[in-house]
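Working notes for the structure below.
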Amino acid sequence: MSVLVDRAVAVDPAGPSRGRHRTAEGVKGVVLQVLPPLLVGVAGLSAWEAVVTLGRVAPFVLPAPSAIWEQFTRSLDTIIKTGLASGTNALAGLVLGVTVALLAAMAAARFRFLAEVSVPIAAAVNALPIIALAPILNTMFSATSNIPRRLVVAIVVFFPVYINTLRGLREVDPIHRELMDSYAASGWSFTRLVRLPGALPFVFTGIRQASSLAVIAAVVSEYFGGLQDGLGSRITSAAANTAYPRAWAFVLGACVLGLVFYLIALLLERLATPWRSR
């Protein structure tokens, strides 16, 4: 065993030191990525606390971060419960919107006239404000249904996923196209084997954008009636009762929920496209 180790070291005597050097570089890279935003966040919160405390800003204008955190910890059980309700609606709408967007993008990439017709329509739908869309959908379904909120989320997330996927499906290497033509591949085979794998980075760019939008749409749609079981309804209720630190605590819960969705989308992207992280 010692002979084998000695031979390995003799072949590459700098191997262990090179490995330690790479580990040190990896740790340094992580620190450089995490430390700057962390310092900016701490500085921002400190400035916020100082402005509210020293400037004696009224809590209905802007509560102090310490007051918001106190309400957040005190209402943590309720925030988790309502966050699960909002998160379920956001996830259902996100899955629906992404599925429809992928199918529509594949059809538009296959038939050019569909792209020419669908892109302006998708842009028009994207311009619809949630404040106008949510009440209309709420009147179409029962007051105890979550379908309106999930439809709002699906409509909001459709556009970024559709546009990014369509762009990725269109950017095909001419060499790959000629190769598939030489094999007389069908349109579906060409899409499945060439277009979709090449479009994955664009698809996940749209999904990352849509993940945060899904939470925003789910929370905002709760402002306009329906079941009072989500973060949005608790924000409006707390604000109506002038409990502004508690309202901001539920806003903080919505921010955490959006961050969780974004991180999950980022993790799925790393798993689906491992070659991009090398």
Side-chain angles (χ1 to χ4, degrees), residues 33 37 86-134 137 147-173 176-177 187-188 190-221 254-278:
Q33 288 181 349
S86 298
T88 300
N89 291 330
L91 180 61
L94 180 63
V95 172
L96 176 61
V98 168
T99 302
V100 175
L102 292 177
L103 294 176
M106 286 190 290
R110 181 71 176 85
F111 305 101
R112 183 172 294 276
F113 75 93
L114 286 179
E116 295 175 354
V117 172
S118 61
V119 170
I121 296 176
V125 172
N126 183 63
L128 290 174
I130 301 176
I131 194 174
L133 189 61
L137 292 176
I147 294 178
R149 299 170 181 178
R150 297 176 182 183
L151 288 178
V152 169
V153 174
I155 292 172
V156 169
V157 306
F158 173 83
F159 184 76
V161 178
Y162 173 75
I163 292 299
N164 282 280
T165 302
L166 181 59
R167 179 184 176 186
L169 292 173
R170 284 177 169 177
E171 294 192 4
V172 178
D173 194 325
H176 296 162
R177 185 185 298 275
W188 168 243
F190 182 70
T191 299
R192 180 172 58 88
L193 298 176
V194 178
R195 287 186 186 273
L196 280 178
L200 279 180
F202 296 88
V203 172
F204 279 101
T205 297
I207 292 177
R208 278 191 281 110
Q209 296 173 359
S211 61
S212 300
L213 291 175
V215 176
I216 295 172
V219 172
V220 173
S221 64
C255 294
V256 173
L257 182 62
L259 182 61
V260 169
F261 268 62
Y262 181 83
L263 292 177
I264 292 175
L266 190 61
L267 176 61
L268 292 176
E269 181 181 10
R270 293 288 179 89
L271 294 176
T273 57
W275 62 88
R276 299 189 66 196
S277 60
R278 294 175 182 174

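What you see is a predicted model, and the numbers here were worked out from it, not measured in a lab. Values below: all heavy atoms of this structure, side chains included; hydrogens, waters and symmetry mates excluded.
- Within the 4.5 Å cutoff, side-chain heavy atoms of T88 are placed close to those of R150.
- Nearest heavy-atom pair, V153 versus A218, reported as atom, atom and distance to 0.1 Å: CG2-N, 3.6 Å.
- Distance check: F159 CZ to Q209 CD gives 10.0 Å after rounding to the nearest 0.5 Å.
- For the atom pair I216 CD1 and I130 CD1, the distance stands at 7.5 Å (nearest 0.5 Å).
- For the atom pair L267 CG and Y262 OH, the distance stands at 12.5 Å (nearest 0.5 Å).
- Here the options are L103, V203, V161, the test is side chain to side chain contact (heavy atoms under 4.5 Å, CB included), and the partner is V98; only V161 passes.
- Remark: L151 pairs with L96, L137, F141, I147 by the side chain to side chain contact (heavy atoms under 4.5 Å, CB included) rule, at least two apart or across chains.
- Here the CG-OG distance, from L257 to S212, works out to 10.0 Å after rounding to the nearest 0.5 Å.
- For the side chain to side chain donor-acceptor pair (under 3.5 Å) test, residues two or more places apart in sequence or in another chain that qualify with S118 are Y162.
- The structure places CG of L94 at 9.5 Å from CG of L213, a figure rounded to the nearest 0.5 Å.
- Within 6.0 Å of atom CG in L266, more than 12 heavy atoms from other residues, nucleotides or ligands are found, so the atom counts as buried in its surroundings.
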Worked verdict on F261 versus L91 for side-chain contact (heavy atoms from CB on, under 4.5 Å): CA-CA 9 Å; F261 268 62; L91 180 61; 4.1 Å; yes
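- Note: T165 OG1 to R167 CZ = 12.0 Å, rounded to the nearest 0.5 Å.
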